[in-house]
Amino acid sequence: EAQVTQNPRYLITVTGKKLTVTCSQNMNHEYMSWYRQDPGLGLRQIYYSMNVEVTDKGDVPEGYKVSRKEKRNFPLILESPSPNQTSLYFCASSYTGSGAYEQYFGPGTRLTVT
Amino acid sequence: GIQVEQSPPDLILQEGANSTLRCNFSDSVNNLQWFHQNPWGQLINLFYIPSGTKQNGRLSATTVATERYSLLYISSSQTTDSGVYFCAVPRDGSGNTGKLIFGQGTTLQVKP
């Protein structure tokens with residue numbers, strides 16, 4: 001089954017404790033991206049990657065890191081989480097070939113930073 | 001940048017009723033997606049519809065790219081249709097970079 005998976009689905013942590021949210025897709029997509037969703041602010045892009053070893057900032061990259069060492073994986077790293085990073089996070093992927101830009105989203109990760 | 005507006009922001013229906021949700025966008029795009037976010041927060045792909053009309057069961061969507069809008073039709077609504085409906089378009093219009101701009105969503109509540 002074609003899918004995007006994220007882990008963990010739920011996480012409660014404390015300020016300053018480094019964490020990683022994993023994202024994996026099995027569709028051989030070149031493009032992967034992270035979004036956060038907050039009430040009243042909608043979905044905003046954090047980082048994206050056009051292919052292996054190619055990453056760039058989205059709209060709200062501060063406080064986050066990413067890496068793309070393999071095509072299927074795109075982890076999101078919070079080196080020192082703060083309460084304002086409490087949010088619902090989504091990973092997404094798509095092809096970048098001509099005319100096929102449909103994005104597929106993972107199930108989401110609810111993060112609470114106390 | 002491209003602006004995306006959805007209407008109405010909120011909608012309450014009785015089970016069995018039909019509805020139309022609208023998505024307007026401010027610039028030319030060559031792809032558009034509709035999503036349903038269920039009460040558990042999951043984003044479900046409904047349609048990838050750069051232009052024309054598609055149907056999937058009780059749902060259908062129409063995009064008129066030249067007039068910069070898309071419509072999502074829900075017929076014979078069910079309580080499981082409740083949630084938030086988003087449309088999204090490429091930030092750069094073409095989709096080449098993969099960046100999406102989301103509308104603010106329409107929150108639908110279907111009452112039994």
Side-chain angles (χ1 to χ4, degrees), chain A residues 1-6 9-10 23 25 27 29-51 54-61 68 74 87-112, chain B residues 1-7 9-10 21 23-25 28-52 54 56 61 63 65 70 72 83-107:
Chain A
E1 178 189 357
Q3 60 182 351
V4 180
T5 57
Q6 295 179 226
R9 296 287 313 280
Y10 303 90
C23 172
Q25 50 91 7
M27 295 169 279
H29 285 165
E30 296 88 358
Y31 179 86
M32 297 185 75
S33 176
W34 278 101
Y35 294 85
R36 61 177 288 175
Q37 185 180 25
D38 303 288
L41 297 175
L43 283 110
R44 296 176 293 169
Q45 190 180 55
I46 303 171
Y47 268 96
Y48 66 97
S49 169
M50 298 297 289
N51 215 322
V54 181
T55 63
D56 206 349
K57 297 177 181 179
D59 297 316
V60 287
R68 187 92 181 270
F74 190 45
S87 187
L88 177 58
Y89 291 86
F90 290 99
C91 180
S93 73
S94 73
Y95 286 113
T96 55
S98 175
Y101 305 122
E102 183 174 7
Q103 289 205 15
Y104 296 85
F105 282 76
T109 295
R110 288 192 182 273
L111 172 65
T112 301
Chain B
I2 292 178
Q3 305 295 316
V4 181
E5 294 183 358
Q6 292 185 241
S7 60
D10 301 283
L21 282 58
C23 173
N24 292 333
F25 41 95
S28 300
V29 299
N30 68 358
N31 79 67
L32 182 143
Q33 288 185 246
W34 282 98
F35 299 90
H36 174 215
Q37 187 166 36
N38 64 24
W40 295 271
Q42 293 180 314
L43 276 171
I44 311 299
N45 285 39
L46 295 178
F47 293 101
Y48 173 74
I49 184 165
S51 63
K54 288 186 178 179
N56 184 3
T63 296
S70 183
L72 178 69
V84 184
Y85 290 81
F86 292 100
C87 66
V89 300
R91 180 185 299 270
D92 64 355
S94 68
N96 289 330
T97 66
K99 295 182 182 180
L100 288 181
I101 294 290
F102 284 79
Q104 288 302 306
T106 292
T107 300

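Quick caveat: nothing in here was measured; it's all calculated off a predicted structure.
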- prompt: Going from CD1 on B:Ile2 to CG on B:Leu100, what distance comes out if it is rounded to the nearest 0.5 angstrom?
  reply: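 Rounded to the nearest 0.5 Å, the CD1-CG separation comes out at 10.5 Å.
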Flag yes if more than 12 heavy atoms outside A:Lys57 fall under 6.0 Å of its NZ atom; otherwise flag no.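 Count not over threshold, so no.
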Sort out for me which of B:Gln42, B:Gln33, B:Gln37 touches chain A most, counting heavy-atom pairs under 4.5 Å.
->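 Maximum pair count with chain A is reached by B:Gln33.
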Are any side-chain N or O atoms of A:Glu30 and backbone N or O atoms of A:Asn51, one a donor and one an acceptor, separated by less than 3.5 Å?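 No, A:Glu30 side chain to A:Asn51 backbone: no donor-acceptor pair under 3.5 Å.
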Which portion of A:Asp56 sits near chain B, non-hydrogen atoms under 4.5 angstrom:
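Nothing of A:Asp56, per the 4.5 Å heavy-atom cut-off to chain B.
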What part of A:Phe105 is in contact with chain B, defined as an atom under 4.5 angstrom from a non-hydrogen atom: side chain, backbone, both or neither?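 For A:Phe105, the contact with chain B is made by backbone and side chain together.
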query = Tell me, which pairs form a salt bridge (Lys or Arg N to Asp or Glu O under 4.0 Å) where one or both residues lie in residues 37-47 of chain A, sequence neighbours left out?
reply =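 Sorted result for residues 37-47 of chain A: A:Arg36-A:Asp38, A:Asp38-A:Arg44.
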